Amino acid sequence: MSLAEKLARERRARLAAERLLEQKQRELFKANQQLAKHARALSEEVVEQRSVAESARSEAEQIKGQHRRVLSDLERANSLAQMAERRLWESVETIRDGFAVFDARQRLVAANRAFLVVFEGRAEAAPGVSYRRLLEICAHEGLVEIGAATPEAWVARTHARLDSEPIEPCVLHFRSGTCVRLIDRRTQSGDMVSLGLNITETLRREADLEEARERAEAASRAKSAFLANMSHEIRTPMNGVVGMAELLCDTELSEDQRLCADTIRSSGEALLAIINDVLDYSKIEADKLTLHPEPFDLERCIHEVAMLLQPDAGSRGIDMIIDFDMFLPTRYVADPGRVRQVLTNLVGNAVKFTEEGHVLIRVMGYEVAPDGGGDARQLHITVEDTGIGIAPQDQARIFAQFSQVEDQSNRKFEGTGLGLAIARQLVGLMGGDIWVESDPGAGACFGFSVTMPVAEADAAPLDAPLAIGHALVVDDNLVNRTILERQLVPYGVEVTLCRSGEEALAALDAGSEAFDVVLTDHAMEGMDGLAFTAELRARGHAMPVLLLTSNPAVTRDDPAAAGLTGIVQKPVLRRDLIARLQQLAPPAGGGAGGRAMRVLAAEDNRTNRLVFARMVGDLDIALEFAADGREAIALSDSFAPDLIFMDISMPGLDGRAATRAIRAREAERESPPIPIVALTAHAMDMEGDAEGMRADGLDAYIAKPLRKSLIVDCLQAHRPPATRPLARMAAE
Ligand code: ADP
């Protein structure tokens with residue numbers, strides 16, 4: 001090979017190597033560049049990673065701080081909660097009563113010692129135990145008195161309470177002597193809280209109280225029995241005293257003798273009133289007084305009270321006025337005896353404390369709907385007087401027992417100071433109120449309000465119709481005119497009202513109407529009743545004329561009264577007025593004769609028989625006495641009485657037994673029942689026993705001491721139409 005060739009080859013090889021180098025250099029550079037880029041990126045990444053790590057670390061630090069705070073908060077909260085719970089339970093532990101909490105499944109969560117102590121350390125009685133199991137421990141292990149029930153039944157019953165809402169409390173008597181009232185309540189979350197109230201002491205005190213009450217009641221019963229007995233023992237001899245004194249007063253007496261007899265009578269009556277007051281008060285106090293509501297005529301009752309007190313008022317010139325709202329019904333259901341008692345007290349006081357002027361009894365009322373439906377009235381009954389009145393500071397006090405307005409001016413009035421206290425109690429029993437308004441010196445107005453059901457009207461108020469078609473009534477007092485009209489109209493009488501004698505004379509003279517009877521007031525302004533009657537007779541009018549007067553001194557022997565047919569004392573009782581009018585026109589067939597009314601009086605006491613005989617001595621009746629029950633039965637046959645007065649306490653066969661026997665015979669023979677009126681010194685017995693009295697067949701009763709007026713009223717009410725009038729009326 002040539003050198004050139006060798007050189008060329010060498011040069012070519014060198015050139016190739018140079019090119020390779022160049023290429024490798026370029027590649028290296030590129031790689032270098034790439035590497036630098038990578039390195040840069042890597043370092044950037046590192047920087048970035050580092051900052052992420054940094055922030056993560058600080059975040060972690062932060063979280064760690066937070067965690068520490070939360071932990072300490074929690075710890076604090078925990079200890080607070082523990083403290084609260086400890087306090088709560090420490091407090092709950094201090095109470096003597098048992099306290100426990102059960103969860104919704106009735107498992108015991110916690111209980112205080114007082115709750116668990118009754119289980120006497122039984123290990124089972126601990127949190128986790130069920131309510132039912134606790135009851136079972138009580139029953140089966142004899143911790144609790146369960147009475148006659150079996151333990152199973154007792155547990156079932158006591159546990160079943162939990163199903164109701166609210167849960168009924170129950171009382172557990174532990175054998176240890178402890179008594180617990182168990183009260184269970186559900187909480188909002190469904191737990192149940194049980195409270196075991198320790199009522200051992202309370203029950204013991206209750207038992208003590210009950211025992212004390214029983215002792216007091218026994219004492220009070222003994223007191224009432226003693227009082228009732230005493231009243232009986234006093235009334236019986238008083239019957240002789242008052243009755244005989246009354247009769248004595250009706251005889252010819254010297255002035256001195258009359259004073260003595262009057263004093264005996266009025267003292268006796270005062271004593272009786274006191275006995276009655278004391279007896280009533282003690283009965284009310286002992287809660288022994290019950291009301292006996294029945295239908296009665298309130299207006300009549302008020303009239304009767306007014307009439308009773310009229311003599312006292314009239315003798316001092318005090319007008320007694322009754323204003324019974326004419327739109328009110330008159331018949332109500334209430335205890336008539338007690339209503340009368342309240343009225344008698346108020347009207348009696350009004351008369352007692354009034355020197356001159358008037359006593360006005362006013363009845364107003366309005367409709368109310370009673371609880372049980374029906375028709376009722378709220379009645380306002382006031383008694384107004386023009387007497388000494390009562391100072392404001394005394395007005396509340398006088399309703400307390402034994403309370404009187406103590407001052408010199410007052411001591412001249414007698415009384416026990418019990419009247420208003422009794423009236424207040426009675427009105428209270430009737431569910432009403434009582435009050436007083438007064439202007440000292442000008443008068444007092446006592447009032448009470450009670451609600452009374454309206455009673456059905458009397459179906460047949462009249463046994464014999466009046467043979468009077470048209471009556472002329474003359475009275476200057478509107479109230480009296482109205483009342484008379486209301487008394488007459490129901491009996492089918494047409495009534496013409498005149499305000500004065502002159503007006504009446506004009507009506508009579510006009511002759512357009514025929515009057516069968518004239519009823520005239522006595523004391524009228526201008527022409528009085530007597531002058532009017534004289535004038536009427538002078539003008540030739542012949543019809544009967546009745547004078548209505550509150551002056552007991554007017555009699556038909558008075559020459560000025562010559563023209564009168566009869567005299568009626570005011571206030572006029574409807575029953576009396578009607579009886580008088582019936583007498584004016586005797587029923588056809590009865591004639592002037594007829595037979596005398598037959599009256600049988602059964603009475604074992606000789607003095608009382610004497611008193612009775614004297615009281616009815618001036619009446620036109622046929623009287624027979626029976627000395628005991630057996631005689632009464634016999635005479636009820638042989639004598640065929642129209643009316644029997646029956647003493648209740650007689651030796652042997654008493655009045656009630658005799659009455660039952662008489663009723664039995666009547667029933668057997670189907671003969672009409674003879675009215676029988678009981679006479680009793682034990683008035684209180686009858687009052688409390690209206691039903692028993694009726695069951696025995698008694699129609700009514702009269703309390704001893706006997707009063708002539710009551711007996712006459714009674715005779716009047718039961719006199720058969722075919723018999724002669726009671727009064728020996730030869731002159732009429
Ligand atoms: P007493 O039996 O004393 O009348 P009351 O309880 O009925 O008992 O009355 C108590 C007192 O109230 C009377 O004593 C009298 O002082 C006073 N009092 C009652 N009613 C009236 C009246 N209408 N006017 C003045 N005072 C009266």
Side-chain angles (χ1 to χ4, degrees), residues 227 231 234 266-285 289 302 305-306 308-323 337-363 380-430 432-450:
L227 281 169
S231 125
I234 296 176
S266 61
S267 308
E269 281 176 356
L271 181 57
L272 274 171
I274 293 171
I275 293 170
N276 287 342
D277 271 6
V278 171
L279 197 62
D280 262 358
Y281 195 80
S282 68
K283 275 182 98 179
I284 297 177
E285 252 199 338
L289 197 139
I302 290 173
V305 169
L308 186 75
L309 295 159
Q310 170 66 41
D312 195 8
S315 67
R316 282 185 284 142
I318 302 165
D319 277 336
M320 180 91 80
I321 310 168
I322 298 174
D323 176 12
R338 297 305 177 181
V339 171
R340 172 196 297 260
Q341 190 175 358
V342 174
L343 281 166
T344 309
N345 177 257
L346 298 186
V347 181
N349 278 344
V351 171
K352 182 157 84 176
F353 294 106
T354 303
E355 285 296 336
E356 56 180 356
H358 70 252
V359 170
L360 168 63
I361 309 167
R362 174 172 278 149
V363 183
H380 284 259
I381 305 177
T382 54
V383 178
E384 177 193 296
D385 65 50
T386 52
I388 59 173
I390 303 158
Q393 68 272 19
D394 295 322
Q395 288 176 13
R397 203 158 63 76
I398 52 172
F399 288 103
Q401 75 243 44
F402 307 115
S403 182
Q404 299 173 319
V405 177
E406 285 279 354
D407 73 18
Q408 289 312 325
S409 74
N410 210 18
R411 290 288 22 105
K412 65 182 179 205
F413 303 105
E414 54 200 21
T416 55
L418 274 177
L420 287 175
I422 294 172
R424 189 190 57 180
Q425 304 252 37
L426 289 177
V427 171
L429 272 179
M430 295 176 203
D433 285 321
I434 189 165
W435 64 87
V436 61
E437 291 159 10
S438 175
D439 258 345
C445 179
F446 281 83
F448 66 101
S449 78
V450 280

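Every number for a ligand or one of its atoms is a count from 1 in the order of the listing. What you see is a predicted model; the values in this text were computed from it and never measured. If you read the sequence from its start, that first residue is 1, and numbering goes on from there.
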- prompt: What's the verdict on side chain to side chain contact (heavy atoms under 4.5 Å, CB included) for L420 and L346, showing C-alpha distance, side-chain angles and the deciding distance?
  reply: CA-CA 8 Å; L420 287 175; L346 298 186; 3.6 Å; yes

Counting heavy atoms under 4.0 Å, the part of N345 that contacts ligand 1 is side chain

Short version for T354: what comes under 4.0 Å of ligand 1, heavy atoms counted, is neither

With heavy-atom distances below 4.0 Å as the criterion, list the atoms of ligand 1 near [X].
X    : result
A350 : 23 (N)
K352 : 1 (P), 2 (O), 4 (O)
G419 : 5 (P), 6 (O), 7 (O), 8 (O)

Checklist entry - Is the closest N or O pair between L420 and ligand 1 shorter than 3.5 Å? => result yes

Return yes if some donor-acceptor pair links the side-chain N/O of [X] with the main-chain N/O of [Y] below 3.5 Å, else return no.
X    : Y    : value
D385 : A444 : yes
R362 : E384 : no
S438 : A391 : no

**Asked** Could a heavy atom of G387 be found less than 4.0 Å from some atom of ligand 1?
**Response** no

* Does ligand 1 have any atom that is closer than 4.0 Å to a heavy atom of F399? -> no

dist F446:CZ -> I398:CD1 (nearest 0.5 Å) comes out at 3.5 Å

Check your understanding: Just wondering, more than 12 heavy atoms not from Q393 lying within 6.0 Å of its CD?
Key -> yes

